[in-house]
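First comes the structure, then the notes that go with it.
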Amino acid sequence: MKVAVLGSGIIGVSTAWWLRQHGHEVLVLDQRGGPAQETSFANGGQISVSYAEPWANPQAPLKLLRWMFQDDAPLLFRPQLDLRQWLWGLAFLRECLPGRLAPNIRAMVALAEYSRTTLRSMRTDLDLSYHHLSRGILNFYRDPHEFDQAQRAAGVMRDLGVERRVISADEVLAIEPALASQRANIVGGDFTPDDESGDVHAFTLALAERCTAAGVDFRFNTKVTRLVSAAGRVAHAEAVAPDGAFETHGADAFVVALASHSPALVRPLGVPCNVYPAKGYSATFPVLDDRLAPVVSLTDSSHKVVFSRLGDRLRMAGTAELSGYSRALNPVRCQALTALATELFPGALDVSRVSYWSGLRPSTPSNVPLIGRTRVPNLYLNTGHGTLGWTMGVGSGRALADIIHGSRPEPEFPFLGL
Ligand SMILES: Cc1cc2nc3c(=O)[nH]c(=O)nc-3n(C[C@H](O)[C@H](O)[C@H](O)COP(=O)(O)OP(=O)(O)OC[C@H]3O[C@@H](n4cnc5c(N)ncnc54)[C@H](O)[C@@H]3O)c2cc1C
């Protein structure tokens, strides 16, 4: 069978790899000049299975309302004249109902765990290097109330079989001595030794190389503009070729892995796809002094930012802004990231050579991605991975390839159409 995968981020490339492993002919189309040039370019780097929690919970609506008037809020809803944004917001409120939280967490953890196991085996089997570190994730708290709440969340995760240890401030420093300057501020933490970190961009590039060697056909600088149906199926994808020419690509099956741009292509076919962009920022610093920079991947809970060591660089990422498709960098937010990094790790980083980036997290109201069949028999979705596309990426690709191939995917997850 010939399968066209639209999008070459972590999700599209993983799907292409696993489809090829099943023996299918695979064509990948992407508008950019290479793989992982959009959201999978410079994210926070965490494989955070043990923190696979949705934004939507019973406390979220009040918090969001408060944050609307706070420019540096960790999650900011900026109302636009955009019906899709409002419909997304309403669906988000539904996901905040008490009965929704537990099934959403269960689905996210199941897929994330499956993905981490898959990632580990691919790393070894394919000899992929991407600055990965298996040192766990350490979440630290400054606010005793937040620390208290976190202990309850840790309990929920432990009930799902996830190892999330609540630890004292001294233990926080023992695990990551680079936080020494913050001893007086930290009240405690939680530590998830099984979690990992690594460079999603380097991984996706390396996997795309393996795909090419295995016979996957990548066409870059090719923007897909429409999916054309005939007799109730997708017949071909219309696209603009690198030279600007109009072209069409036929296939037996089509996978939409276009992150926040997925709805624009599938909605005209009557396929629901409630994915909306949540803009996030990252800052990447060259490390000046190895002894002063963290190695363990960190989450600063008060500021909702994460840190991952990627070789001789430190990546910091955070903030979520639901404000449409603009990737504009707000200088105030950028400077706030650098100021915090300098405060936490004095002398560790070369802030004069910082590199700022923004990306659009493809977010569903529940944070549960859309993976599986659609009402159009040969059209499949693999999108909406939001804050956890790196954590769930290779597992999502493998599970969808199984579905397309006609086998049952492994994880207990609400796959579409199964
Ligand atoms: C600041 C930030 C920090 C994050 N930190 C983490 C983290 O620590 N851990 C984690 O698990 N996740 C994290 N994420 C989330 C993660 O990065 C995303 O969920 C993931 O990268 C999404 O992958 P994707 O393949 O769906 O999207 P993308 O990588 O965006 O891929 C979609 C592809 O589709 C292509 N495309 C779009 N439209 C068209 C078109 N019309 N025609 C052709 N091609 C098209 C694009 O060029 C792109 O290559 C973070 C995200 C952000 C923004």
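Numbering starts at 1 and runs along the sequence shown.
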Check: For Val228, what residues pass the side-chain contact (heavy atoms from CB on, under 4.5 Å) criterion, not counting sequence neighbours?
Finding: Arg226, His236, Glu238

Notebook entry, point to check: Less than 4.5 Å apart, any side-chain heavy atom of Leu322 and any of Trp88?
Noted result: yes

Check: Are any of the side-chain nitrogens in Asp30 or Lys223 under 4.0 Å away from the carboxylate oxygens of its partner?
Finding: no

Check: Counting N and O atoms only, with roles assigned by atom type, does the side chain of Tyr325 sit under 3.5 Å from a partner on the main chain of Ser260, one being a donor and the other an acceptor?
Finding: yes

Next item on the list: Decide yes or no for Leu416 and Leu370: does some side-chain heavy atom of the first lie under 4.5 Å from some side-chain heavy atom of the second?
Entry: yes

Next item on the list: Can you see which heavy atom on Val368 is nearest to which on Phe413, and at what distance?
Entry: CG1-CZ, 3.5 Å

Item checked: Distance, nearest 0.5 Å, that separates SG of Cys273 from CG of Leu265 -> 9.5 Å

Next item on the list: Assess the side chains of Thr284 and Ser355: does a donor N or O sit below 3.5 Å from an acceptor N or O?
Entry: no

Note to self: Run the salt bridge (Lys or Arg N to Asp or Glu O under 4.0 Å) test on Glu146 and Lys304 for me, step by step, so that the C-alpha distance in whole Å, both residues' side-chain angles and the decisive distance to 0.1 Å come before the verdict.
What the structure shows: CA-CA 12 Å; Glu146 227 182 307; Lys304 304 272 184 288; 3.6 Å; yes

Item checked: Backbone of Met392 reached by a side-chain donor or acceptor of Ser115 within 3.5 Å -> yes

Margin query: Under 3.5 Å, is there a donor on one side chain and an acceptor on the other for Gln85 and Ser323?
Written below: no

Check: Taking Ser14 for the side chain and Ile11 for the main chain, is one N or O donor matched with an acceptor at less than 3.5 Å?
Finding: no

Notebook entry, point to check: For Ile403, does its backbone N or O pair with a side-chain atom of Ser407 as donor and acceptor, under 3.5 Å?
Noted result: no

Notebook entry, point to check: Going through the distances and angles, do Tyr281 and Asn330 end up as a side chain to side chain donor-acceptor pair (under 3.5 Å)?
Noted result: CA-CA 9 Å; Tyr281 284 67; Asn330 175 342; 5.0 Å; no

Next item on the list: Over 60° means perpendicular and under 30° means parallel, so classify the ring planes of Tyr130 and Phe203, tilted if in between.
Entry: perpendicular

Next item on the list: Could you go through the side chain to side chain donor-acceptor pair (under 3.5 Å) check for Thr299 and Gln46 one step at a time?
Entry: CA-CA 9 Å; Thr299 299; Gln46 291 190 333; 3.3 Å; yes

Next item on the list: Decide, yes or no, whether a salt bridge links Asp290 with Arg309 under the criterion of side-chain N to carboxylate O below 4.0 Å.
Entry: yes

Check: Does the side chain of Thr391 pick up a donor-acceptor pair with the side chain of Tyr51 at under 3.5 Å?
Finding: no

Next item on the list: Run the numbers on Phe285 and Phe345 for ring pair (Phe, Tyr, Trp, His ring centres under 6.0 Å), then give the verdict.
Entry: CA-CA 12 Å; Phe285 306 92; Phe345 311 111; 9.4 Å; no

Notebook entry, point to check: Does some side-chain heavy atom of Ser197 sit less than 4.5 Å from a side-chain heavy atom of His132?
Noted result: no

Note to self: In the structure I gave you, are the side-chain heavy atoms of Glu321 and Arg78 within less than 4.5 Å of one another anywhere?
What the structure shows: yes

Checklist line | Heavy-atom check, side chain of Phe77 versus side chain of Phe92, under 4.5 Å | finding: no

Notebook entry, point to check: Going through the checks in order, is the side chain to side chain contact (heavy atoms under 4.5 Å, CB included) test met by Val256 and Leu227?
Noted result: CA-CA 10 Å; Val256 172; Leu227 291 173; 4.1 Å; yes

Check: Going from CG on Leu119 to OH on Tyr114, what distance comes out if it is rounded to the nearest 0.5 angstrom?
Finding: 12.5 Å

Donor-acceptor pairs under 3.5 Å, side chain of residues 147-163 to any protein atom, not counting sequence neighbours: which ones?
residue : atom : partner : partner atom : Å
Arg158  : NH1  : Arg164  : O            : 2.7
Glu163  : OE2  : Arg165  : NE           : 3.1
Glu163  : OE2  : Arg165  : NH2          : 3.3

Note to self: For Leu81, I'd like to know if atom CG has over 12 heavy atoms of other residues, nucleotides or ligands within 6.0 Å.
What the structure shows: no

Check: Atom CG in Leu298, atom CG in Asn139: separation rounded to 0.5 Å?
Finding: 9.0 Å

Item checked: Nearest non-hydrogen partners of Arg267 and Asn274, listed with the distance -> NH2-CA, 4.1 Å

Next item on the list: Tell me, yes or no, whether the heavy-atom count around Arg327 atom CZ, taken from other residues, nucleotides or ligands under 6.0 Å, exceeds 12.
Entry: yes

Next item on the list: Please name the residue in the list Asp312, Asp350, Leu314 that meets the side-chain contact (heavy atoms from CB on, under 4.5 Å) test with Pro286.
Entry: Asp350

Next item on the list: Please report the shortest heavy-atom distance between Val13 and Ala208, naming the atom on each side.
Entry: CG1-N, 3.7 Å

Check: Could you go step by step and tell me if Val3 and Val255 meet the side chain to side chain contact (heavy atoms under 4.5 Å, CB included) rule?
Finding: CA-CA 7 Å; Val3 187; Val255 175; 3.9 Å; yes

Checklist line | Leu93 vs Pro61 side-chain heavy atoms within contact, under 4.5 Å | finding: yes

Notebook entry, point to check: Are any side-chain N or O atoms of Tyr356 and backbone N or O atoms of Arg333, one a donor and one an acceptor, separated by less than 3.5 Å?
Noted result: no

Next item on the list: Working to the nearest 0.5 Å, report the span between CD of Glu209 and OG1 of Thr212.
Entry: 7.5 Å

Item checked: Pair Arg142 + Asp300: basic N to acidic O under 4.0 Å -> yes

Next item on the list: For the residue pair Glu95 and Ser366, confirm or rule out a side-chain donor-acceptor distance under 3.5 Å.
Entry: no

Checklist line | Closest non-hydrogen atom pair, Tyr276 against Asp82 | finding: OH-OD2, 2.9 Å

Item checked: For Ser50, side-chain hydrogen bond (donor to acceptor under 3.5 Å, both in side chains) partners two or more places apart -> Asp195

Margin query: Any side-chain to backbone donor/acceptor pair from Trp55 onto Ser363? Under 3.5 Å, distance only.
Written below: no

Item checked: Approximate separation, where rounding is to 0.5 Å, of Ile404 CD1 and Asp402 CG -> 9.5 Å

Next item on the list: Report the C-alpha distance between His405 and His24 in whole Å, list the side-chain angles of each, state the deciding distance to 0.1 Å, and finish with yes or no for side chain to side chain contact (heavy atoms under 4.5 Å, CB included).
Entry: CA-CA 9 Å; His405 189 63; His24 299 292; 2.8 Å; yes

Next item on the list: Check step by step if side chain to side chain contact (heavy atoms under 4.5 Å, CB included) holds for Gln31 and Val224.
Entry: CA-CA 7 Å; Gln31 63 188 357; Val224 181; over 6 Å; no

Next item on the list: Would you give the length of the straight line joining atom CE of Met108 to atom NE2 of His385, rounded to the nearest 0.5 angstrom?
Entry: 10.5 Å

Next item on the list: Output yes when a side-chain donor or acceptor of Ser40 lies under 3.5 Å from a complementary backbone atom of His201, and no otherwise.
Entry: no

Check: Would you call Glu196-Arg120 a salt bridge at under 4.0 Å N-O?
Finding: yes

Margin query: I need the minimum non-hydrogen distance between Leu379 and Thr374, along with the two atoms involved.
Written below: O-OG1, 2.8 Å

Checklist line | Asp252 (side chain) donor-acceptor with Met1 (main chain) under 3.5 angstrom | finding: no

Checklist line | Test item: Glu38 side-chain N/O and Gly359 main-chain N/O as donor-acceptor pair under 3.5 Å | finding: no

Checklist line | Sidechain-backbone polar pair: Arg210 side chain, Asp127 backbone, donor-acceptor under 3.5 Å | finding: yes

Margin query: Can you give me the closest heavy-atom contact between Ala214 and Trp17, atom names plus distance?
Written below: CB-CZ3, 4.2 Å

Next item on the list: Check whether any side-chain heavy atom of Ser282 lies under 4.5 Å from a side-chain heavy atom of Met316, and answer yes or no.
Entry: no

Item checked: Arg123 vs Ser134 side-chain heavy atoms within contact, under 4.5 Å -> yes

